[in-house]
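Counting convention: from 1, in listed order, for ligands and their atoms alike. Because only heavy atoms are used, hydrogens play no part in the values below, and waters and symmetry mates are left out as well, while side chains stay in. Note that the structure is predicted; figures quoted are calculated from it, not measured.
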Amino acid sequence: MSSINIALLGYGTVGKGVYKTIESHQERLQQLLGKPVKVVAILVQDKTKHIIPSKEVLFTTNFDEITRIPNLHIVIDAIVGKEPGFSYLKIAIEKGCHVITANKEMFAFHGSELQSQAKKKGVSIGFEATVAGGVPVIQTIKQLLQVNHILKVEAILNGTSNFILSNMRIEGTSFEETLQLAKEHGYAEADPTNDIQGYDAFYKGMVLSQLIFQKQPSVEEVKRKGITNILAMQIEIAESAGLRFKHIVSLFKQGEEVHCKVEPVLVTEEHPFYQVEGVQNSVSIATDLLGNIQLQGPGAGMFPTASAVLEDLIQLNRTSIVEPSFKEWTDSSETSAKWVLFCDTYQLVAFQETIHVVDRIHKKAVVVESKDEVIASFQSAYPDIEYYALKGPYESKVATVSV
Ligand code: HSE
């Protein structure tokens, strides 16, 4: 019987997960696709660092050897960084292969070009694994929200950051210890800078932006902040006030602009992200018909990511060619919002006309209400203070609060 032949680029956590899952789920894959699925080649950087999983697989450091394989049907990209992934996938598409990628950085920057090329060549691109690990957010948007117009997306998209924030709070572990644990679990990138500085979540936001709005904001327009400035003491203060830190990407379109923010915020108990803990990711999609839908599940790790790749494999020929639809976000209620400021009382004095103190949650932390631009000027006046948007309904615990 003929088989569906796959070349796997990369044999790290994701590559291994895909290989193992193709073996463990072979029967189900055959049932779904009508043919056996075979990994015929694996591309690695350094052969000495790996155990060859089978003698029947071409294990190589040379991509040219992969391009010469006859009857190669699918190339799965499980490497990191824009290059060489982008160049390899361009060649694979040109050869008429379908491609599936888990490479968010590459796809954030080159996804649009690869998709145009794939369309011309009549092949498909699967990129479910680039956003939210195993959570089927891309297929939901593409296949299940076709009549709806998408208005806004808010999401926890970096499993490592969420794991660190949860573990520091629950276990009282230090940032460094918790990051080490995230690496051991296979959640963090080999170089975790992208995870903890918000770049990984930013790439995922860019992939969603391109998918939903067929447009991306320019890199300079996006406020991107990671979790590295959050102190254990701030997590404790927040917890005692019933608030939790979450690293969130928000995305909507107004006029011609796509607005995207990637930042840590504090959420109240009523907020849908409050209970999203550990490596879980969560994506809340606001649409005109459905209202809000929230998808949640493991955002990183070997098998959740393999799940996204293999679900893509099944969808390769079924994917709709019609772009998702969106409407502008018109809610103006966010012009004056609540914030938590970790600052000293005297720093608020000059701003008492424009920053309304709603609650004092600690001698060095207040909940305030103010416009974005006022908070920005407060931060310019005191560059060392940390401030976080407060999301979810918040009731002041005291009647009157004075500066
Ligand atoms: N390092 C990523 C994360 C892996 O922690 O979310 C999944 O993209």
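Partners of Lys225 by salt bridge (charged side-chain N to carboxylate O under 4.0 Å, His left out), not counting sequence neighbours, listed by chain and number: Glu386. Residues that satisfy the salt bridge (charged side-chain N to carboxylate O under 4.0 Å, His left out) test with Lys364, not counting sequence neighbours, are Asp344.
Ring pair Phe86/His110 is parallel by interplanar angle, where below 30° counts as parallel and above 60° as perpendicular.
Judged by distance alone, the side chains of Thr60 and Asn62 never bring a donor and an acceptor atom under 3.5 Å apart.
Within 4.0 Å of ligand 1, heavy atoms belong to protein residues Lys104, Leu157, Asn158, Gly159, Thr160, Tyr187, Glu189, Asp195, Asp200, Lys204, Gly299, Ala300.
For residues 89-107, the set of pairs meeting the salt bridge (Lys or Arg N to Asp or Glu O under 4.0 Å) definition, not counting sequence neighbours, comprises Lys90-Glu113, Glu94-Lys121, Lys104-Glu189, Lys104-Asp200.
Here the two rings, on Tyr387 and Phe378, have centers that are 6.0 Å apart or farther.
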